[in-house]
Amino acid sequence: MRIDLSFTPHQADEAVLRDKTVVAIDVLRASTTIITALSNGAREVIPVPTVESAVKLSAQLAGDVVLLGGERGGRRIQGFSLGNSPAEYTPERVKGKSIVFSSTNGSQVLANGRYARSLVVCGFVNMALVVRFLRERPGDFILACAGTNGAFSLEDSVCAGMIVHSLLKDGSLEVTLSDGALAAESLYRSHGRNVLKLLQSTQHGKYLQEIGFEGDLKLCASVDSIPVLPQLDGNVIRLKREAERKDITPAVAPS
Ligand code: MLT
């Protein structure tokens with residue numbers, strides 16, 4: 001098994017992702033929001049890269065089962081029903097709905113994901129399920145981090161490193177790591193002990209606190225709190241049904 005890693009969406013373009021198994025990571029907050037929405041009964045999430053394409057698509061799909069969700073600058077986009085706070089995606093708001101979703105960084109990775117052979121959405125909240133998914137289908141894969149505004153983000157890299165660490169820990173898999181995957185595993189060991197503290201200290205985490213979303217950091221830091229596995233199917237993200245098995249092993253602590 002070879003594990004590659006891209007730190008930003010620019011490093012994960014069509015050529016890199018084509019026919020690969022991809023794990024898309026945007027801890028703050030797109031991954032966590034999508035995982036929450038689907039766990040709370042949303043029928044599907046349709047990621048699109050731009051606000052314009054979101055508005056156009058929702059008009060085409062029209063009907064009261066379609067909601068527009070997403071952010072720019074961390075805040076809800078004007079005219080959209082939902083922002084990018086996982087707390088907004090309650091069962092009352094999202095059950096049975098199709099959500100057309102656009103965020104600054106996360107939906108860029110997800111939009112590129114249409115070239116992949118398969119893509120799952122990962123945050124700290126569904127860590128153990130993602131690790132199990134990768135263990136059960138040994139083969140090469142790429143960890144695609146969303147980053148922040150085109151640059152490296154520590155929280156996505158530590159989350160990616162937690163996956164690598166979990167796969168390595170019992171020594172049962174033969175794993176080859178790219179330098180990026182190796183670096184992420186090392187970052188996980190140095191910064192992954194207290195995920196909430198980590199999120200409170202990163203650039204985007206600090207920004208979210210400044211604009212009033214400190215509560216979201218707690219939701220996003222809650223390891224294994226939402227055991228579902230969203231998977232891209234065409235250009236739509238739905239829950240992978242077999243992911244709802246209850247026999248998950250909690251994610252590991254750094255050693
Ligand atoms: C993104 O996709 O850029 C992020 O989820 C931004 C945010 O925290 O709203």
Side-chain angles (χ1 to χ4, degrees), residues 6-13 17 22-40 42 45-54 57 67-90 93-94 99-114 119-126 143-160 195-196 198-222 226 230 232 235 237:
S6 57
F7 289 107
T8 67
H10 307 294
Q11 296 171 342
D13 59 11
L17 298 189
V22 177
V23 179
I25 302 172
D26 185 6
V27 170
L28 293 176
R29 295 166 292 174
S31 288
T32 313
T33 297
I34 291 168
I35 294 163
T36 304
L38 292 169
S39 168
N40 283 342
V45 176
I46 310 169
V48 291
T50 65
V51 175
E52 294 69 31
S53 48
L57 181 61
L67 290 176
L68 275 168
E71 59 67 44
R72 285 298 178 272
R75 297 187 168 90
R76 182 160 55 87
I77 298 160
Q78 207 183 358
F80 280 34
S81 311
L82 296 158
N84 189 23
S85 170
E88 292 176 73
Y89 289 68
T90 59
R93 309 246 6 228
V94 304
I99 300 165
V100 178
F101 182 83
S102 183
S103 69
T104 314
N105 306 286
S107 48
Q108 316 308 317
V109 172
L110 296 167
N112 289 352
R114 66 186 182 280
L119 178 147
V120 293
V121 178
C122 175
F124 286 109
V125 293
N126 68 344
L143 301 166
C145 299
T148 302
N149 301 330
F152 170 89
S153 89
L154 185 57
E155 65 273 9
D156 290 345
S157 306
V158 169
C159 184
V195 176
L196 179 57
L198 166 76
L199 299 190
Q200 286 165 339
S201 70
T202 64
Q203 188 184 315
H204 192 54
K206 282 186 185 154
Y207 174 69
L208 289 173
Q209 292 173 84
E210 274 163 32
I211 63 169
F213 290 112
E214 56 277 1
D216 283 359
L217 303 194
K218 216 167 172 182
L219 298 174
C220 297
S222 211
I226 313 179
L232 194 66
N235 56 1
I237 302 170

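Because the structure is predicted, anything quoted here is derived from the model rather than measured. Counting starts at 1 for both ligands and their atoms, following the listed order. Just so it is clear, the values below take in all heavy atoms, side chains as well, and ignore hydrogens, waters and symmetry mates.
A 6.0 Å sphere centred on CD of Q203 holds no more than 12 heavy atoms belonging to other residues, nucleotides or ligands.
Taking the six-membered ring for Trp and thresholds of 30 and 60 degrees, F7 and F152 have ring planes inclined between 30 and 60 degrees apart.
Two residues are said to be in side-chain contact when any heavy atoms from C-beta on lie closer than 4.5 Å; T32 and I35 fail this criterion. Between L110 and I34 there is a side-chain heavy-atom pair separated by less than 4.5 Å. Using a 4.5 Å cut-off on side-chain heavy atoms (C-beta onward), T148 and E155 make contact.
Contact annotation: for R29 versus ligand 1, heavy atoms closer than 4.0 Å belong to both the backbone and the side chain. The residue T33 has no part lying near ligand 1, judged by heavy-atom distances below 4.0 Å.
Using a 4.0 Å cut-off to heavy atoms of G106, the atoms of ligand 1 that qualify are 1 (C), 2 (O), 3 (O). Shown in contact with T104 at under 4.0 Å from a heavy atom are these atoms of ligand 1, numbered in order with element: 1 (C), 2 (O), 3 (O). Those atoms of ligand 1 that come under 4.0 Å of a heavy atom in A30, given as number and element, are 2 (O), 5 (O).
Here the protein heavy atom with the shortest distance to atom 8 (O) of ligand 1 is H204 NE2, 2.7 Å.
In terms of N/O distances under 3.5 Å, ligand 1 is approached by D26.
Residues V27 and C159 approach most closely at CG2-CB, 3.6 Å, considering heavy atoms.
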